Amino acid sequence: MAFDSTVFIFIFLPISLILYYVTPAKFKNLTLVFESLAFYAWGEPVHTAVLAGAIIWNYAGALAVAGKHKKSRRTFALAVAGGDVLLLAVCKYARDVLGMAGNGLAESRWFLVPVGVSFFMLQSIGYIIDVYRGEVRPKKNIIDAAVLIAMFPKVTAGPLVSCGDFEKQIAKRKFSWGRFSEGVLFFIRGMSKKVILGNMLWRVFQTIQLFPPSQMSAASAWLGCLAFSMQMYFSFGGYCDMALGLGKMFGFELPDNVDHPFMSVGIMDFWGRWMSTLWKWFCSYVYLPLCKGNPGGSMGFFSLLATWVLIGIWHGFGTSSVVWGIYFAVLLFLEGFVLGESLAKIPKIIRWFFTMLLLMVGWAFFFNASAGKAFSYLGLMAGIGGNGFVDSKAVSIVTGYGMLWAAAFVFSLPLAHRTYEWLLRGGTRWKVVLNCAAYISLFLLSVAGIIAGSGHELFYFRF
């Protein structure tokens, strides 16, 4: 079930909120777990067994790891490598391997990738590692472990939460109308990003991808890359806003996962703004342990390289994902350890320009199925093998979607939201009325877009 669906908005969410708030405080976590399993089971009931299995395995694994503590690494290795990593690999890559072998079972529903499996398995692995390190205590109540792993606002597309910070909210949280209403506004704002702008930009990208390579100009190729990157921001960023809003409605504070990535003035700055909880997870559990606290030098580079290859494979089973990971590892190492402080002397506008340029190259590997196709697409962006540098199709994409490009540009910047907040600051009656009218309009426009069937599957649902 997706957040931007009429079933979720008008049936599942209202019923869940009512049941949650009429439940006595000591049973609220239990209610939330049942609601989360029902949410996950809606789309593919068979895969709910994977989620339930992950909860049970990691609940028991954390207790076993804590019991042995650091006297035995076998229990820890079994819990993580023998359970979580193996399950993640089978769920994500069995279908691809069978497909490459020409086995017809690849199309069976049993081998479809469970939605969000990469997110809730990383959450599970992080929990086991934190218990092994002695940073958190294992959950004695399986319901608490289930909330950590499977709470429905974050189970399908994140964000990943810190076990140490989140366990306090699992144990105790307070209701307030202020937080609840803030959650509603976050949800509506995120839904409008996803449905109004994200879905329309996706159609622009799909239109450009239908151009035969021989008839695609360099300008069209760049516009396709730009449309993809912006729809990723509005679709995934909007979905993250909806998750944050839902968390607030249920009394939780989830971490911000996307923070205006088009304002980045460096590759590290970008990964602090885009899927920031994913990079923090890999940094904490892979990169820093590999480099043993010494990020510089050859050991630091190979640790960074191994980490980003894993991040690439986490995104997909293909050569383009591996090359994408290597690409960002090299860029991050050059930025952090080769160029270093010399970059700070360059004006921000220049750093921003080259950051965006490098990111556009990275997106080409992200939306192409193989490295070969990605390099071919980069060739088109360079004006090689296509229809010159600018053609009538590129001009029509710019002019025909002019209002969309303008809106996407404006709302990708923090200035738009800050200006809106500044205009409505003060709480006078007319400002309250205007604010309500604006959000009601966004809600109705979003619902109209959902009913019209203009949506597309969130890209990260494949993970």
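Residue numbers start at 1 and run along the sequence shown. What you are looking at is a predicted structure, and each value in this text was computed from that prediction instead of being measured.
A 4.5 Å side-chain heavy-atom check between Asn141 and Asn29 finds every atom pair outside the cut-off. Annotation: side chain of Leu359 is not in contact with side chain of Phe262 (no heavy-atom distance under 4.5 Å). Residues Gln123 and Cys163 form a side-chain contact, since some pair of their non-hydrogen atoms from C-beta on lies under 4.5 Å apart. Side-chain contact between Arg351 and Asp269 is absent, with no heavy atoms from C-beta onward closer than 4.5 Å. Pro261 has its side chain out of reach of Trp271: every pair of non-hydrogen atoms, C-beta onward, lies at least 4.5 Å apart. Residues Trp352 and Met263 form no side-chain contact, since every pair of their non-hydrogen atoms from C-beta on lies 4.5 Å or further apart. Two residues are said to be in side-chain contact when any heavy atoms from C-beta on lie closer than 4.5 Å; Ser412 and Phe234 meet this criterion. Using a 4.5 Å heavy-atom cutoff, the side chains of Ile440 and Leu444 are in contact.
Note: Phe3 and Phe187 have tilted aromatic rings, judged against thresholds of 30 and 60 degrees for the angle between ring planes. Phe236 and Phe119 have parallel rings, their planes meeting at less than 30° on a 0 to 90° scale where 60° marks the start of perpendicular. In this pair, Phe443 and Phe10 present their aromatic rings perpendicular. The plane angle is above 60°, beyond the 30 to 60° band. Classified by interplanar angle (parallel below 30°, tilted 30° to 60°, perpendicular above 60°), the ring pair Trp274/Phe270 is parallel. Between Phe152 and Phe250, the ring-plane angle classifies as perpendicular under the 30° and 60° cut-offs. In this pair, Phe205 and Phe228 present their aromatic rings tilted. The plane angle is within the 30 to 60° band. Ring geometry for Phe366 against Trp363 counts as perpendicular: the plane angle is over 60°, on a 0 to 90° scale with 30° as the lower cut.
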(Q) As a quick check of understanding, evaluate side chain to side chain contact (heavy atoms under 4.5 Å, CB included) for Met151 and Val161, giving each step before the final call. (A) CA-CA 11 Å; Met151 191 179 81; Val161 299; over 6 Å; no

Q. Could you go step by step and tell me if Phe353 and Ile349 meet the side chain to side chain contact (heavy atoms under 4.5 Å, CB included) rule?
A. CA-CA 6 Å; Phe353 175 79; Ile349 187 65; 5.9 Å; no

**Q.** Step-by-step side chain to side chain contact (heavy atoms under 4.5 Å, CB included) determination, Lys28 to Thr31
**A.** CA-CA 5 Å; Lys28 283 190 185 300; Thr31 299; 5.6 Å; no

Q: List the steps, then state whether salt bridge (Lys or Arg N to Asp or Glu O under 4.0 Å) holds for Glu253 with Arg179.
A: CA-CA 9 Å; Glu253 289 292 338; Arg179 177 182 289 181; 3.3 Å; yes

Q) Given the rule in the side chain to side chain contact (heavy atoms under 4.5 Å, CB included) test, do Gln209 and Tyr377 qualify, once you have shown the distances and angles that lead to the verdict? A) CA-CA 10 Å; Gln209 293 308 295; Tyr377 195 90; 3.6 Å; yes

(Q) Run the side-chain hydrogen bond (donor to acceptor under 3.5 Å, both in side chains) test on Asp144 and Tyr59 for me, step by step, so that the C-alpha distance in whole Å, both residues' side-chain angles and the decisive distance to 0.1 Å come before the verdict. (A) CA-CA 9 Å; Asp144 292 346; Tyr59 166 73; over 6 Å; no

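Pairing each heavy atom of Ile129 with each of Tyr285, the nearest pair is CG2-CD2, 3.5 Å. Between Val184 and Met249, the shortest heavy-atom distance links the atoms CA-CE, 3.7 Å. The shortest heavy-atom contact between Ser264 and Met356 is O-CE, 3.8 Å. When all heavy atoms are compared, the tightest approach of Val258 to Cys240 is CG2-SG, 4.1 Å. Closest approach of Leu404 and Val204 over heavy atoms only: CD2-CG2, 3.7 Å. The heavy-atom pair separating Phe120 from Val115 by the smallest distance is CE2-O, 4.0 Å.
For Trp405 and Phe409, the gap between ring centers reaches or exceeds 6.0 Å. Ring centers of Phe8 and Trp42: at least 6.0 Å apart, outside the cut-off.
For Phe411, the CZ atom is loosely surrounded, since the number of other residues' heavy atoms within 6.0 Å does not exceed 12. Within a 6.0 Å sphere centred on CZ of Phe354, heavy atoms belonging to other residues, nucleotides or ligands number 12 at most.
The OG atom of Ser320 sits 14.5 Å away from the OH atom of Tyr327 when rounded to the nearest 0.5 Å. Rounded to the nearest 0.5 angstrom, Leu63 CG and Lys140 NZ are separated by 9.0 Å. Atom CD in Glu35 sits 9.5 Å away from atom CD1 in Ile15 (nearest 0.5 Å). The distance from atom CG of Leu310 to atom CG of Leu290, rounded to the nearest 0.5 Å, is 8.0 Å. Here the CD1-CG distance, from Ile196 to Leu445, works out to 5.0 Å after rounding to the nearest 0.5 Å. Atom CE of Met121 and atom CH2 of Trp314 lie 13.0 Å apart (nearest 0.5 Å).
Under the 3.5 Å distance criterion, the side-chain polar atoms of Lys154 are matched with a main-chain donor or acceptor of Leu148. At distances below 3.5 Å, at least one donor-acceptor pair connects side-chain atoms of Glu335 with backbone N or O atoms of Ile267. At least one donor-acceptor pair closer than 3.5 Å links the side chain of Trp57 to the backbone N or O of Ala79. No donor-acceptor pair under 3.5 Å is formed between the side chain of Tyr21 and the backbone N or O of Phe175. Of the possible polar contacts, one joining the Ser276 side chain to the Asp256 backbone as a donor-acceptor pair under 3.5 Å is found. Trp308 contributes no side-chain N or O that, together with a main-chain N or O of Ile326, makes up a donor-acceptor pair within less than 3.5 Å. Listed for the Trp281 side chain is a donor-acceptor partner under 3.5 Å among the backbone atoms of Leu122. Without hydrogens or angle criteria, Ser446 side chain to Val195 main chain gives no donor-acceptor distance under 3.5 Å. A donor-acceptor pair is defined here as one N or O able to donate and one able to accept, closer than 3.5 Å; no such pair exists between the side chain of Asp130 and the backbone of Gly164. Looking only at distances, no side-chain donor or acceptor of Ser284 sits under 3.5 Å from a matching main-chain atom of Lys280.
Applying the side chain to side chain contact (heavy atoms under 4.5 Å, CB included) test between Leu51 and each of Ile56, Val117, Val155 identifies Val155 as the sole match. Partner Asp241 forms a salt bridge (Lys or Arg N to Asp or Glu O under 4.0 Å) with one of Lys248, Lys194, Lys193 and no other, that one being Lys193.
When only modelled atom types and interatomic distance are considered, Tyr239 and Asp4 share no side-chain donor-acceptor pair under 3.5 Å.
Between Arg137 and Glu167 there is no salt bridge, since no side-chain nitrogen of the basic residue lies less than 4.0 Å from a carboxylate oxygen of the acidic one.
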